[in-house]
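Note that ligands are numbered from 1 as they come in the structure, with each ligand's atoms numbered from 1 the same way.
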Amino acid sequence: MLGQLPAVTDKNVLVGSSNADDAGVYRITDDIAVVLTTDFFTPIVDDPYWFGAISAANSLSDVWAMGGRPTVALNIAMFPSSPEFFPSLQRVMQGGIDKMTEAGVAIIGGHTIKDKEPKFGYTVMGLIHPDRILDNSKAKPGDALILTKKIGTGIVSTGVKAGMCSNAVIEEFTLSMATLNRRAGEIMMETGVSTATDITGFGLLGHLNEVLSASRCRARIHAGRVPFFDDAVRLVKNSIAPGGTFGNLKMYAPNTTYSGDVPEYEKILLNDAQTSGGLLIFVPGEKRETLVSALQKEGILAAHIGDVLDAGVRDDKRIIVER
Ligand code: CO
Ligand code: CO
C-alpha cells in the first residue's frame with residue numbers, strides 16, 4: 001500500500017517509506033530527530049489486560065529497532081459501544097498504561113471509535129541522534145545475525161484459539177510478546193551495531209529480506225540455530241499455522257534458497273507472522289561475543305542464527321537457509 005505514496009522531497013525526512021523500514025525519521029535539528037511509528041491490531045490473547053500490554057510492547061518496538069528512545073504515545077482504540085464491553089476496555093487500557101509506564105513513555109492523548117471487532121494500539125514518538133539511525137540500508141558483509149526472542153507466536157496463537165495449548169504454553173508466549181525490546185535496544189546501541197529490525201508480521205525471513213534488499217547483501221541462516229517455541233514446532237507438524245504465515249512463505253520464496261535438508265515445517269516456522277517479536281540485530285563479527293554476553297547477562301535470549309555474506313549483489317535470492 002505504501003508503494004503509491006508520492007516521493008518525499010523534504011530533506012529533513014531521513015527515513016521515509018522507500019526501504020520498508022521499521023519507522024519514519026524526521027530531523028528537527030542537527031542533533032535531534034524524531035522517530036514515528038504506529039501499530040494496532042485485534043486481540044491476540046483472551047485476557048484483555050495482556051492484550052493491552054502486548055499491543056503497547058509491540059507498538060514501541062519499532063522505535064528501539066531504529067536505535068531510538070521512545071518518549072510519548074497516542075492511544076488508538078476501536079471498541080463495541082455496548083456497556084458490557086467497558087470493563088474489558090478498562091483492562092486493555094490498564095495493560096497498555098502499565099507497559100508504557102515500564103517503558104518510561106507518557107501517553108499524552110489518543111482517539112477511540114466504535115467498532116464491532118476490538119482493535120487497540122498506539123502511535124509512538126521517539127528521539128534519536130540523526131547520525132545514529134539504524135535504518136535498513138546499513139547491514140554489512142561479516143555482520144552476525146542475533147535474534148532476541150523465540151519464533152512461533154503466530155502458530156502458537158492459532159493453536160491457542162483452537163484449544164490445543166496448555167496454560168503453561170499460553171503463559172510463556174504471552175510473556176514473550178509482552179516483554180519490551182527496551183534493554184535489547186539499549187544494549188545494542190551501547191555495543192555499536194550495523195543495524196537492526198524487529199520481527200513482526202512478515203516473519204523472520206520477511207524482515208531479514210527487507211534489510212538485505214535495502215543493504216544489497218545476502219545472508220545465510222542456520223534453521224537449526226533459530227530458537228522456536230516448542231509448541232510452535234509441535235503444532236506446525238500437525239499442520240496448524242495462520243493464513244498470514246503461508247502468505248509470507250509464498251511471498252518470500254523468490255528471495256530464498258532452502259537447502260534440501262531443511263524440512264517443510266521449519267520453512268513455515270521461519271516465515272511465521274510474529275506479534276511483538278524480538279530484535280534481529282546485525283552486529284559486526286568482531287563485536288558479536290560482546291553483544292551476546294551483554295544480552296545474556298540480563299537474561300535476554302541472544303541466538304546467533306546466521307551471518308551476512310557478500311555485498312553489492314543484485315541477485316533476488318538474498319537468503320540462503322541451511323539446516
Ligand atoms: Co518493525
Ligand atoms: Co511496525
Problem - Parallel, tilted or perpendicular: rings of F41 and F51 (30°, 60°) - result: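 F51 vs F41 ring planes: tilted.
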
Exercise for the section: Kindly report the OD1-the Co ion (ligand 1)-OD1 angle for D198 and D22 respectively, rounded to 10°. Expected result: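 Taking the Co ion (ligand 1) as the apex, the two atoms subtend 90°.
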
Handout entry: Residue pairs, two or more places apart or on separate chains, that pass ring-ring contact (aromatic ring centres under 6.0 Å, His included) and touch residues 193-237
Key =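 Those involving residues 193-237 are F202-H207.
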
Handout entry: Contact check: D21 to the Co ion (ligand 1), N/O/S below 2.8 Å
Key =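 Coordinating: no.
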
Practice task
Measuring from the Co ion (ligand 1), name the closest N, O or S atom belonging to D62.
Solution key: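 Considering only N, O and S atoms, D62 comes nearest to the Co ion (ligand 1) through OD1.
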
Problem - Test: E172 and K150 ion pair at under 4.0 Å - result: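 Answer for the salt bridge query: yes.
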
Problem - Cation-aromatic face contact K119/F40, 6.0 Å, 45 degrees - result: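 Negative - K119 is either too far from the ring of F40 or too far off its axis.
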
